[in-house]
Amino acid sequence: MGKMISELLIEDMTPEERERAERVESILPVLAERAVRTDREGRFDPDNVRLLGDAGLLGLMVPREYGGLGGGLRDWAAACFAIGSVCPSTGLAYFFHNTSASRGTLALAALDEGLFSEEEAPKVRAFAEKVLYTMGRDRKWLANYASESVKSEHSAITITTEAHKVEGGWELNGVKSFGCATGIADQYLVTAGLQGINNASALCTFFVDRDAPGTRGRIEWDAMGMRGTATEGLVLEKVFVPDDAALAIPGAFARSCQMSRSSFVGNQVAASVIYLGAAVAVYQAAIKMLKEKTFVDTGKPLGTGPFQSQFVGDMYADLQTALLWARRQIQIESCNPPMVSKDEVVTFWRVCKGQVAEYSFKVGVTALKAAGTSGTMFSTPYSRALRDLAMGLVQAFPAERGRLEAAALIIEGREQNSFGKG
């Protein structure tokens with residue numbers, strides 16, 4: 001049996017990891033068939049949700065006792081990498097669905113570490129298990145909304161969405177600028193600050209039904225790349241959330257995030273490898289073309305030409321560079337016992353994100369050069385890849401910001417706050 005695409009990234013899968021990767025591999029042909037239409041129409045394909053659900057993959061990161069597959073970061077990265085090689089849009093939306101599991105697993109880990117009082121513990125456990133059962137046993141798609149467009153100097157993400165107590169629950173008001181699967185996901189997980197608290201301890205998590213009164217998309221998503229993600233953001237106007245759908249304990253969000261192996265909730269490399277998967281796919285398309293097309297006068301493969309050979313060498317070097325950075329991040333963030341400190345994991349990630357994005361983009365640029373003018377047609381692998389890969393340059397944070405934050409960590413031993421309340 002030939003190697004799975006995900007084995008280009010995770011080269012030493014365990015039998016359990018292989019079984020989970022085979023589930024992903026089995027749906028790639030269908031995702032690939034739908035990808036051109038997804039990109040051209042600029043819309044999320046709801047059939048892909050059903051496809052992932054039928055394969056059991058909505059519970060990839062959910063422990064088995066909650067009906068999931070019990071996967072870890074290596075599984076998550078392998079899945080996003082593989083899906084990114086055929087439909088990066090679906091890969092990104094799937095990544096954000098899986099981030100929802102951290103709202104459950106990190107909270108349970110914090111409970112085990114004694115970070116919650118006896119009075120708080122039952123409510124924390126109930127909410128964490130609600131998240132995990134929803135994704136695992138019930139096979140529901142969750143959208144995760146934290147990011148907002150407001151900026152502050154001292155926090156990477158500033159939350160101005162506010163929750164205030166009303167009879168029987170909470171009322172949410174605010175605008176989320178970024179989040180995939182708006183109008184598609186079964187439910188939304190929304191991060192909001194409790195009214196009356198002016199620091200990060202205010203941040204809490206709320207379940208919001210997709211069709212809850214007062215919810216709507218912020219914009220029509222019509223981007224140049226990653227066009228099928230339904231990244232419309234979320235507007236919340238007097239949205240009611242009942243008490244049993246809220247983890248409204250001051251400091252609960254921050255205490256849970258302490259259990260991450262990296263900054264914030266960790267596992268962000270699983271998003272970056274979506275772009276790396278797209279780079280692998282366009283590299284393979286270019287190499288196939290350069291082998292199969294021949295010079296009319298000599299009959300030799302086009303790839304033997306002097307400048308075409310340079311393209312091949314450049315693509316290979318850039319792709320391997322991105323792969324090496326990604327593999328190292330996955331290794332130091334997932335190995336047990338840990339081989340480096342959490343500070344080093346965070347510092348490496350700040351640089352790794354940009355390295356993977358920029359070198360993957362370079363692969364796409366060179367592949368387009370190799371394809372020539374015909375490669376610029378909107379639906380060619382080269383055009384699609386270049387547009388999708390460009391999104392990696394800005395998604396989450398650009399390389400320049402990551403390097404500056406790494407420098408601050410190295411020299412001053414400090415990191416920018418992940419979250420703040422506006």
Side-chain angles (χ1 to χ4, degrees), residues 1-9 11 24-25 27-42 80-92 224-228 272-326 355-393:
M1 185 177 69
K3 276 191 173 185
M4 295 180 291
I5 184 71
S6 53
E7 289 181 276
L8 293 175
L9 179 67
E11 300 174 299
V24 178
E25 191 84 5
I27 67 172
L28 296 184
V30 178
L31 291 175
E33 182 181 343
R34 296 171 178 169
V36 173
R37 185 186 68 216
T38 293
D39 176 69
R40 180 171 291 279
E41 296 180 359
C80 287
F81 175 80
I83 295 172
S85 72
V86 294
C87 185
S89 288
T90 300
L92 190 62
M224 67 177 183
M226 295 299 208
R227 289 173 48 74
S272 287
V273 298
I274 297 165
Y275 301 101
L276 183 51
V280 167
V282 77
Y283 167 81
Q284 292 176 340
I287 294 300
K288 183 175 185 292
M289 179 271 295
L290 291 169
K291 284 182 175 180
E292 293 179 352
K293 290 187 71 172
T294 59
F295 291 109
V296 69
D297 54 344
T298 65
K300 296 170 72 173
L302 196 61
T304 63
F307 76 88
Q308 289 93 344
S309 294
Q310 183 66 54
F311 291 153
V312 173
D314 287 346
M315 285 191 293
Y316 182 82
D318 292 338
L319 186 61
Q320 296 304 318
T321 298
L323 279 165
L324 288 169
W325 275 93
Q355 296 295 95
V356 172
E358 292 192 325
Y359 280 96
S360 294
F361 183 73
K362 287 177 69 177
V363 173
V365 170
T366 306
L368 182 65
K369 290 179 180 179
T373 306
S374 61
T376 65
M377 300 299 287
F378 190 80
S379 295
T380 67
Y382 312 100
S383 173
R384 286 171 49 210
L386 195 61
R387 289 183 284 103
D388 286 337
L389 290 169
M391 300 296 281
L393 302 177

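These figures come from a predicted structure and were not determined experimentally. Reckoned from all heavy atoms, side chains included, excluding hydrogens, waters and symmetry mates.
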- Is a donor on one side and an acceptor on the other found under 3.5 Å between the side chain of S383 and the backbone of T380? no

- Task: Could you grab the distance from atom CG of D318 to atom CD of Q355, nearest 0.5 Å is fine?
- Result: 11.0 Å

- Task: Apply the side-chain contact (heavy atoms from CB on, under 4.5 Å) test between V86 and each candidate in I5, I27, L28; give the one that qualifies.
- Result: L28

- Task: To the nearest 0.5 Å, tell me how far K3 NZ sits from E11 CD.
- Result: 6.0 Å

- Item | Backbone N/O of F378 and side chain of R40: donor-acceptor pair under 3.5 Å | no

- Task: Please confirm whether the backbone N or O of A357 pairs with a side-chain atom of S360, one donor and one acceptor, at under 3.5 Å?
- Result: no

- Which value, rounded to the nearest 0.5 Å, describes the distance between Y283 atom OH and L8 atom CG? 10.5 Å

- Note on the structure: What one should report as the nearest heavy-atom pair of L319 and V363 is N-CG2, 3.7 Å

- Message: Which heavy atom of L276 sits nearest to which heavy atom of A326, and what is that distance?
- Response: CD2-CB, 3.8 Å

- Message: Within the supplied structure, the quantity of interest is the number of heavy atoms (other residues, nucleotides, ligands) at a distance under 6.0 Å from F295 CZ; does it exceed 12?
- Response: yes

- Rounded distance (nearest 0.5 Å) linking atom OG1 of T366 with atom CD of Q310: 9.0 Å

- Item | Other residues, nucleotides, ligands: >12 heavy atoms within 6.0 Å of M224 CE | yes

- Query: Taking atom CD of E33 as the centre, does the number of heavy atoms from other residues, nucleotides or ligands within less than 6.0 Å exceed 12?
  - Reply: no

- Considering non-hydrogen atoms only, spot the tightest contact between V282 and P381 and give its length. CG2-O, 3.9 Å

- Task: Kindly give the heavy-atom pair with the smallest separation between T376 and T373, and that separation in Å.
- Result: OG1-O, 2.7 Å

- Query: Once you round to the nearest 0.5 Å, how far does CZ of R34 lie from OG1 of T90?
  - Reply: 9.0 Å

- Do side-chain atoms of S89 reach the backbone of R227 as a donor and acceptor pair under 3.5 angstrom? yes

- Note on the structure: Tightest non-hydrogen contact, residues A370 and L290, listed as CB-CD1, 4.3 Å

